[in-house]
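Shown next, in structure tokens, is the structure this report addresses.
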Protein chains: 2
Amino acid sequence: MKQKGQSVAQSLQQNWINKLTDQGFRITKPLEIVSGILASSEKILNPTEVYQRARQFYPKIGLVTVYRTLEKLEQVGLIGRVHMPDGCQSFFQAQCGHQHLIICVKCSKAEYFEGDNLNVFFHSIGTQFGYQVQDHWLQLFGLCKQCQAMTLNPAKE
Amino acid sequence: MKQKGQSVAQSLQQNWINKLTDQGFRITKPLEIVSGILASSEKILNPTEVYQRARQFYPKIGLVTVYRTLEKLEQVGLIGRVHMPDGCQSFFQAQCGHQHLIICVKCSKAEYFEGDNLNVFFHSIGTQFGYQVQDHWLQLFGLCKQCQAMTLNPAKE
DNA sequence: TTGATTGCAAATATTTTGCAGGCAT
DNA sequence: ATGCCTGCAAAATATTTGCAATCAA
């Protein structure tokens, strides 16, 4: 699956850069950094977390730029906003099609899962209550494998 | 279903007042007003909306008190926090058991629906991804009957 | 070159905290 | 009478906007 000499995350980031270029955005250092972070993160991140990570690569980046860059990436559909128990300004790589997230409550690691067969059910609920269903949010919260292990053996943390 | 001489909403509010008294809270005017609003609202409301409604009944109420009262009602489990597309600080009457919401995107009218059979599915997704599922959020968004009618015939709005 | 993008500072918006006085119990 | 609760003012957060300087194209 991997392309020669680059990781999945790297090729994903390259793909993002291409899309951003196509959309007419200029590829600046902050855009590259923030894209790289989101494209390679398996965790859902809020603006501050993105900012903190970004500064490690590019100390002079400003929080404002992070906000603006996230907005762009969302606009282009590369990342999506995710509501978390502690706020609704977190982001994660987007995935096309209607998929759903399973999220670790401890480390925010997240993965998409399929639930197409649910649409029929959702639609029938809508009919039952007289709603024209347009969209739905489905998120599962739990402990990921790694955080389960840490909970059993905190010394490893 | 209704009790003699009082509406369902009124009896629900009385029930809330009883619970709050049991918990040792003092029944003040602001608490009564805010409880009444939430107990009788079929819409999900954010703090500002609650504040605006509350002022109609008790103009000298402060926004801070609304925040603090919502916190209390949430603590006692009478209302629950609901994440909406435009924010995550909205509230709605709580309902016990694991139920899910169907919400109108236009007017925020909401109703709970059952989906117990989903738990098996959610659990199996967890197993599949190595997560110990603890909780889930399921919300459907659409147009309620009334807002559908308004959309077709805006004159009536 | 040129104008989109950045980073700073300041403005907004939202929510929380401190405190003196009021009121439910 | 007691001390929980309120409302005001102010603080703390979080997010957005204005603008001159920078830099990708």
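The chains referred to below are lettered A, B, ... by the order of the sequence lines, with proteins before strands, and numbering in each begins at 1.
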Worksheet item: Within this structure, what is the CG-to-P distance between B:Leu31 and D:dT6, rounded to whole angstrom?
Response: 7 Å

What's touching nucleotides 12-14 of chain C from the protein side, N or O pairs under 3.5 Å?
none

Worksheet entry | Nearest-0.5 Å distance that lies between atom CD1 in B:Ile102 and atom NZ in B:Lys109 | 10.0 Å

Response to the item:
dist A:Leu78:CG -> A:Leu73:CG (nearest 0.5 Å) comes out at 6.0 Å

Discussion item. Show the nearest heavy-atom pair for residues A:Gln148 and B:Gly130, with the distance to one decimal.
Written reply: NE2-O, 3.1 Å

Practice prompt. By nearest nucleotide on DNA chain C, pick out whichever of B:Arg68 and A:Val66 is the more 5' one.
Written response: A:Val66

Worksheet item: Which angle, to the nearest 10 degrees, lies between the helix axes at the two ends of the helix from C:dT1-D:dA25 to C:dT25-D:dA1, each defined by five pairs?
Response: 40°

Worksheet entry | Given DNA chain D, 5'-ward residue of the pair B:Val64 and B:Pro30, judged by closest heavy atom | B:Pro30

Check: residues 49-56 of chain B side-chain donor-acceptor pairs under 3.5 Å, at least two apart:
residue	atom	partner	partner atom	Å
B:Glu49	OE1	B:Asn46	N	2.8
B:Tyr51	OH	B:Arg55	NH1	3.4

Enumerate the protein-to-nucleotides 22-25 of chain C contacts in which both atoms are nitrogen or oxygen and the separation is below 3.5 Å.
residue	atom	partner	partner atom	Å
C:dA24	N3	B:Arg26	NH1	3.2
C:dT25	OP1	B:Ile27	N	3.1

Fill in: Distance, rounded to the nearest Å, where B:Ile33 contributes CD1 and D:dC5 contributes C1'
15 Å

Discussion item. Without decimals, in angstroms, what is the distance between A:Glu74 CD and D:dT16 C1'?
Written reply: 15 Å

Discussion item. Could you tell me how far apart B:Tyr58 (OH) and D:dT6 (C1') are, to the nearest whole angstrom?
Written reply: 8 Å

Fill in: Path from B:Ile17 to B:Phe91 over hydrophobic side-chain contacts below 4.5 Å
yes

Worksheet item: Separation of A:Glu32 atom CD from D:dC23 atom P, in whole Å?
Response: 14 Å

Worksheet, complete the sentence: For B:Glu111 and A:Tyr131, the nearest pair of non-hydrogen atoms, with its separation, is OE2-CE1, 3.4 Å

Fill in: Counterpart residues, side chain to side chain donor-acceptor pair (under 3.5 Å), relative to A:Asn18 (two or more places apart)
A:Gln14

Worksheet item: When hydrophobic residues are tied together by side-chain contacts of less than 4.5 Å, even through go-betweens, does A:Phe141 share a cluster with B:Val82?
Response: no

Worksheet entry | Value in whole Å for how far the P atom of D:dC5 lies from CD of B:Glu71 | 12 Å

Worksheet item: Hey, any chance B:Tyr112 and B:Ile79 share a hydrophobic cluster, counting ILVMFWY side chains that come within less than 4.5 Å of each other, even indirectly?
Response: no

Worksheet, complete the sentence: Correct closest heavy-atom pair for B:Val133 and B:Gly126 would be CG2-CA, 3.6 Å

Practice prompt. Applying ring pair (Phe, Tyr, Trp, His ring centres under 6.0 Å), name anything that partners A:Phe113, two or more places apart in sequence or on another chain.
Written response: A:His100

Worksheet item: Counting side-chain heavy atoms from C-beta on, which of C:dT6, C:dT15, D:dG7 comes nearest to B:Leu63?
Response: C:dT15

Practice prompt. Whole angstrom is fine here: how far is it from NZ in A:Lys72 over to C1' in C:dT6?
Written response: 9 Å

